[in-house]
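The structure under discussion appears below in the form of structure tokens.
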Amino acid sequence: MTKTTTRRTIDTARGAIAWLEAGAGWPLVLLHAFPLTAEMWRPQLDRVPDDWRFIAPELSSAVPASGARSIDDYARDVGALIDALQIDIAVVGGLSMGGYITFALFRQSPALFSGMILADTRPQADSPQARDARAGMRAVLARDGVSAIADQMIPRLLSGRVGQEQPDVVRHVRAMIESSAPRAVDAALEAMMTRPDSTADLARVSCATLVMVGQEDAVTPVSEADAMHRAIERSVLVTLPEAGHLSNLERPEAFSRALVDFLAAHW
Ligand code: MLT
């Protein structure tokens, strides 16, 4: 049965922050990808298991009108939301950019983590070429707006077959991108292109960790997920067949099953 998801906002030490929430019980915090919104977690929120409370922060909601952003800023926002919700310990994770923020939050508050989810992400910083590409994307954004970012990103985010087999997923992804404020998209690009390398942190992750990846992920491929799995002692690796980078949207049932099985095995 589909569970009810609610959108809420709370005043935190870093301003008002919005989030989506479903279920009640042990907290699991899910951080969304770029250039999407918390809505991307809707399939998992709909399937929240009994005794769990899924929380999906809206990462753009705390971006100030003027502000430059770092990945650490996003992690501080998430930490402020978790504090405001009076949560001391949680399973925390994210997909792609959500994973980059998870690493930053782990550096800031390692004791918060009872478990970690790393989906379609990587620990490395951007290469010089990737930074150049992001600078180019910021110029496109300034000139042509968020629809042009959707045009560039959708073929990277979704595997080739989705356009034919799941046009509703393509529409959903485009709608999320086009609902984003240009300044929030620009802030996320700046944060990603200046993020530090998190590779050395992997050996310090001692909590149970689920590493997931779409078998056809072209942005953060299976080889990256496998390397993270080998570096994190208590991790399991789940590869999702017939899924690209946004594996939770392309294969929502398989993604949720792997997530729920992981939670059931450890808590
Ligand atoms: C994402 O899905 O969050 C982005 O594609 C990540 C990135 O561009 O590095």
Side-chain angles (χ1 to χ4, degrees), residues 29-44 56-60 63 69-75 77-78 92-105 117-141 146 148-159 162 169-170 172-180 184-199 211-225 227-228 240 243-252 255:
V29 179
L30 288 168
L31 305 177
H32 66 75
F34 168 85
L36 306 185
T37 69
E39 286 290 336
M40 74 164 257
W41 292 116
R42 185 69 72 161
Q44 284 65 51
E58 198 65 83
L59 295 170
S60 63
V63 174
R69 292 251 98 187
S70 66
I71 282 291
D72 280 336
D73 285 329
Y74 285 106
D77 295 344
V78 174
V92 182
L95 190 144
S96 200
M97 181 182 77
Y100 310 158
I101 297 168
T102 299
F103 293 131
L105 186 59
I117 313 289
L118 298 170
D120 300 278
T121 193
R122 59 152 55 92
Q124 296 87 1
D126 271 3
S127 65
Q129 294 83 351
R131 269 185 220 127
D132 287 349
R134 299 221 200 260
M137 204 178 273
R138 293 178 82 179
V140 168
L141 175 66
V146 285
I149 299 301
D151 294 342
Q152 281 198 9
M153 288 300 293
I154 286 173
R156 281 163 45 85
L157 296 174
L158 298 169
S159 64
V162 178
V169 172
V170 181
H172 180 40
V173 169
R174 180 171 283 279
M176 279 189 272
I177 298 173
E178 291 184 346
S179 74
S180 300
V185 175
D186 190 64
L189 282 165
E190 178 173 21
M192 288 193 293
M193 70 193 281
T194 56
R195 74 185 190 279
D197 195 305
S198 300
T199 309
V211 181
M212 272 195 277
V213 64
Q215 195 157 34
E216 297 163 22
D217 185 340
V219 179
T220 50
V222 173
S223 56
E224 301 279 2
M228 285 192 295
L240 298 168
H245 186 58
L246 296 180
S247 59
N248 77 305
L249 287 173
E250 286 193 37
R251 294 289 166 237
F255 189 103

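Whatever order the structure lists ligands and atoms in, that order sets their numbers, starting from 1. Only this structure's heavy atoms are used, side chains among them; waters, hydrogens and symmetry mates stay out.
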Acceptor/donor pairs from residues 148-157 side chains to any protein atom, 3.5 angstrom cut, sequence neighbours excluded:
unit_1 : atom_1 : unit_2 : atom_2 : d
D151   : OD1    : R174   : NH1    : 3.3
D151   : OD1    : R174   : NH2    : 2.7

Atoms in ligand 1 with a heavy atom of [X] nearer than 4.0 Å:
{"X": "R156", "value": "8 (O)"}
{"X": "M153", "value": "5 (O)"}
{"X": "A33", "value": "1 (C), 2 (O), 3 (O)"}
{"X": "M97", "value": "1 (C), 3 (O)"}
{"X": "Y100", "value": "6 (C), 7 (C), 9 (O)"}
{"X": "S96", "value": "1 (C), 2 (O), 3 (O), 4 (C), 5 (O), 6 (C)"}

- Task: For side-chain contact (heavy atoms from CB on, under 4.5 Å), just list the numbers for V213 and L240, CA-CA rounded to whole Å, side-chain angles, deciding distance to a tenth of an Å, and then say yes or no.
- Result: CA-CA 6 Å; V213 64; L240 298 168; over 6 Å; no
- Query: Is it the case that D197 and T199 place a side-chain donor and acceptor less than 3.5 Å from each other?
  - Reply: yes
How about [X] and [Y]: do any of their side-chain heavy atoms sit closer than 4.5 Å?
{"X": "D120", "Y": "L246", "result": "no"}
{"X": "L59", "Y": "M97", "result": "yes"}
{"X": "M176", "Y": "H32", "result": "no"}
{"X": "F103", "Y": "L118", "result": "yes"}

- Item | Side chain, backbone, both or neither: the part of R195 lying under 4.0 Å from ligand 1 by heavy atom | neither
- Message: I want to know if ligand 1 touches R134 in the polar sense, i.e. an N/O pair below 3.5 angstrom.
- Response: yes
- ligand 1 and L157, any nitrogen or oxygen pair closer than 3.5 angstrom? no
- Shortest protein contact, atom 3 (O) of ligand 1 (heavy atom only): F34 N, 2.7 Å
